[in-house]
Structure formats: C-alpha cells, structure tokens
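In what follows, chains carry the letters A, B, and so on, assigned in the order in which the sequence lines appear, proteins first and then strands, with residues in each chain numbered from 1.
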Number of protein chains: 2
Amino acid sequence: MRRPKITVLRRDTKQRRAILTVLRNARGPLAPREICRRAQRLTPGLGLATVYRNLRKLSESGILRAVELPTVGRRFELASVPHHHHFVCRLCDRAYCTRSCTQKLADWVPPGFVVESHEITLFGICRDCSNS
Amino acid sequence: MRRPKITVLRRDTKQRRAILTVLRNARGPLAPREICRRAQRLTPGLGLATVYRNLRKLSESGILRAVELPTVGRRFELASVPHHHHFVCRLCDRAYCTRSCTQKLADWVPPGFVVESHEITLFGICRDCSNS
DNA sequence: ATATGTGCAAACTCTTTGCATGGAG
DNA sequence: CTCCATGCAAAGAGTTTGCACATAT
C-alpha cells in the first residue's frame with residue numbers, strides 16, 4: 001500500500017536548479033540517468049544519488065511528475081504541463097507528449113470502483129526513425 | 001533499440017505447467033514474485049529464476065503477454081485474453097482487467113508518426129478497498 | 001550557527017546469467 | 001541418451017540509504 005507524502009523544499013541549490021533547467025528544456029519526459037547526464041553539464045560532479053533524491057522530493061512537492069512508461073521505465077517531467085499522454089518510439093525509445101485526451105474512462109469500471117486518474121501510452125515509430 | 005525474438009518451447013515441465021495454471025486461474029495480471037509464490041504450492045522448490053525464464057520464453061513464444069503497469073511494475077497475463085486494459089487500485093496495488101476500449105488513438109500523433117499499439121491504465125480504488 | 005543538501009559507497013530490489021544436475025523427448 | 005530446463009548463487013541494472021562534509025538560510 002503506497003501512501004502519499006508531503007515534502008517541503010527548504011533550499012535552493014545549484015544541483016536542484018540544474019535538474020529543473022534540464023527538464024524545462026526537454027521536449028518530453030526524461031529518465032534519471034539522462035537527467036543526470038545533462039545536468040552534469042551545468043553542475044559538474046553532480047551525483048546520480050542527488051538526482052534521484054531531488055526527483056523524489058520535487059515530485060512529492062508537486063513540481064515534477066513521475067511518468068511510468070510501459071517498457072521503457074520511469075521518466076520525469078514538469079507537473080505544470082497540462083494534461084496529456086505519451087508516445088514511445090519502439091526503435092529509439094524516446095518519449096513524446098501527445099496533446100489530445102478525449103476519454104470518458106470513468107465508466108470502464110464496474111460499480112464500486114472509483115477511477116481517479118489514468119495513463120495512456122501509445123507505441124509506434126516516431127518521425128525521426130521513419131526517415132532513416 | 002529493442003528487437004523481437006522467436007523462441008520455441010521444447011519441453012513440457014511441471015514448473016511450466018504450474019506457472020500457466022496459476023495465470024489461468026488469476027483474475028488479473030500477476031507479478032513474477034506472486035506467480036512464483038502461487039506456483040510453489042503446485043511445485044514445491046520452484047525457483048524464482050525458473051519463473052523468470054519461463055515468463056520470458058512464454059512471452060516470446062506468444063503464450064503470455066507482459067503488461068507494464070505504471071507505478072506497480074511488470075506483470076504477466078495470458079496472451080489469449082482479448083484486447084483490454086487495466087485498473088490499478090492505489091490502496092492494494094491489485095490490477096483488474098477492464099473490458100472496454102473505444103479509442104481512436106491513431107490520430108493523436110503528428111504526421112510522420114505511426115501508432116502500432118497502446119496501453120491504458122486506470123488508477124483509483126477498487127471495490128474491496130472501498131468497503132473497508 | 002544550524003540542519004538540509006550533497007557526494008560517495010554500500011545496500012536493496014528486480015531481473016538475468018553461469019554452471020552443474022535433473023528430467024523430458 | 002541428448003540436450004533443454006531447473007535450482008542455486010553470483011552478477012547486473014536501477015534505486016535508495018548511511019555517513020561525513022559542504023553550504024544555503
């Protein structure tokens with residue numbers, strides 16, 4: 001049983017700023033390893049554990065959102081981006097955001113079940129991979 | 001870049017039969033650990049590595065399907081079950097199958113992208129957890 | 001000055017693999 | 001009798017945690 005947790009961010013460090021900058025400049029959700037790689041260009045010496053700690057705290061405090069993408073694993077994006085879903089390219093594993101969401105999913109479940117949120121992942125081949 | 005693989009099942013062992021029996025009797029996709037736990041009641045001494053090897057081979061040969069459920073991880077179900085999606089209870093982590101799927105998702109992506117498949121996961125509270 | 005945040009390494013979980021033995025064909 | 005499948009233990013990925021030090025407040 002998972003339980004929610006409230007976290008307060010008490011300090012503004014260059015590591016934390018670098019991680020947020022990376023995600024602000026990303027065009028889709030990124031994996032922790034990739035976030036670390038990119039943030040190290042802004043903060044040399046940044047450790048992977050620090051990235052994980054910040055991703056967790058920033059998620060708990062509502063600034064980031066963890067996106068669990070089937071097959072390619074957990075990635076992170078800014079929580080401020082409006083409701084959307086993701087497309088995963090099966091050739092390059094990159095994730096793209098889709099804008100649409102025209103679902104009425106609440107009535108997919110039997111009486112007694114309550115739907116609180118949903119996640120839709122599309123799989124296929126992205127434009128870059130089609131053209132090569 | 002992930003690549004498909006063709007596997008042939010050459011033998012019919014009691015371990016493999018136990019794993020299939022467990023999944024045939026399940027009312028939703030199960031995690032490897034849980035499959036092992038249940039199958040051990042049919043085949044005492046069954047090792048977790050054997051479960052993983054069989055889940056992989058049975059999936060590669062098209063008998064099982066791996067279902068990557070956001071937040072709760074990879075689970076397995078019989079591939080013969082017709083197209084459906086899943087509901088994950090955020091209190092007990094159990095996964096249920098949903099029957100409906102009324103999506104026209106192919107036009108959620110920009111030109112140049114090809115949608116080959118999709119996965120929809122609903123999150124909420126299941127009936128059992130509502131009543132307690 | 002205080003205690004949160006960081007870096008490193010060790011620990012943990014999930015999954016895969018190497019190797020000797022077992023058992024299906 | 002042949003080899004694929006199994007069980008165990010070790011090895012790998014991804015993620016978390018303990019500890020001493022650094023630094024934002």
If you look at every strand shown and take non-hydrogen atoms under 4.0 Å, does Gly45(A) touch a base, only sugar-phosphate, or nothing?
-> sugar-phosphate
Just to confirm, is there a sub-4.0 Å distance from OP1 or OP2 of dG14(D) to any side-chain nitrogen or oxygen of Arg33(A)?
-> yes
Does the gap between the ring centers of His118(A) and His83(A) come in under 6.0 Å?
-> yes
Round to the nearest Å and state the distance from Leu58(B) atom CG to dA5(D) atom P.
-> 10 Å
Separation of dA5(D) P from Glu60(B) CD (nearest whole Å) | 12 Å
Rounded to whole angstrom units, what separation is found between the CZ atom of Arg56(B) and the C1' atom of dT15(C)?
-> 9 Å
Considering the options Thr50(A), Leu30(A), Ile19(A), which one meets the side chain to side chain contact (heavy atoms under 4.5 Å, CB included) requirement together with Leu55(A)?
-> Ile19(A)
Is there a path of hydrophobic side-chain contacts, each under 4.5 Å between heavy atoms of I, L, V, M, F, W or Y residues, that connects Phe113(A) with Ile120(B)?
-> yes
Thr21(A) side chain to Arg17(A) main-chain N or O, any donor-acceptor pair under 3.5 Å?
-> yes
Phosphate oxygens OP1/OP2 of dG5(C): is one of them under 4.0 Å from a side-chain N or O of Thr50(A)?
-> no
Report the relative orientation of the aromatic rings in His85(A) and Trp108(B); use parallel for angles under 30°, tilted for 30 to 60°, perpendicular for over 60°.
-> parallel
Note down the inter-axis angle between the two ends of the helix from dA1(C)-dT25(D) to dG25(C)-dC1(D), five pairs each, to the nearest 10°.
-> 30°
For atom CD1 of Ile19(A) and atom C1' of dT6(C), their distance in whole Å = 11 Å
Does the side chain of Lys57(A) get closer than 4.0 angstrom to OP1 or OP2 of dT4(C) through an N or O atom?
-> no
Atom pairs, N/O to N/O, protein against nucleotides 20-24 of chain C, distance under 3.5 Å?
| residue | atom | partner | partner atom | Å |
| --- | --- | --- | --- | --- |
| dG23(C) | N2 | Arg11(B) | NH1 | 2.2 |
| dG23(C) | N2 | Arg11(B) | NH2 | 3.3 |
| dA24(C) | N3 | Arg11(B) | NH1 | 3.4 |

Nearest-0.5 Å distance, CZ of residue Arg41(A) to SG of residue Cys36(A) | 11.5 Å
Side-chain ion pair, Lys57(A) and Glu60(A), N-O less than 4.0 Å | no
Please check the phosphate of dG5(C) (OP1 and OP2 only) for any side-chain N or O of Arg53(A) closer than 4.0 Å.
-> no
Verify the contact: side-chain N or O of Gln15(A) to OP1 or OP2 of dG7(C), cut-off strictly under 4.0 Å; return yes or no.
-> yes
Length of the CG-P vector between Leu55(A) and dG14(D), whole Å | 14 Å
Confirm from the modelled atom types if Arg74(B) and dG14(D) form a donor-acceptor pair under 3.5 Å, side chain to base only.
-> no
Would you check if the side chain of Arg16(A) reaches a backbone N or O of Arg11(A) as a donor-acceptor pair within less than 3.5 Å?
-> yes
Is it the case that one hydrophobic cluster holds both Leu69(B) and Leu122(B), taking links as side-chain heavy atoms less than 4.5 Å apart, direct or via other members?
-> no
d(CG, Leu48(B); P, dT13(C)) in whole Å = 13 Å
Distance-only, no hydrogens or angles: does the Ser130(A) side chain make a donor-acceptor pair with backbone N or O of Gly112(B) under 3.5 Å?
-> yes
CG of Leu9(A) versus P of dT6(C): gap in Å, rounded?
-> 10 Å
Nearest-Å distance, CD (Gln40(A)) to P (dT6(C))?
-> 14 Å
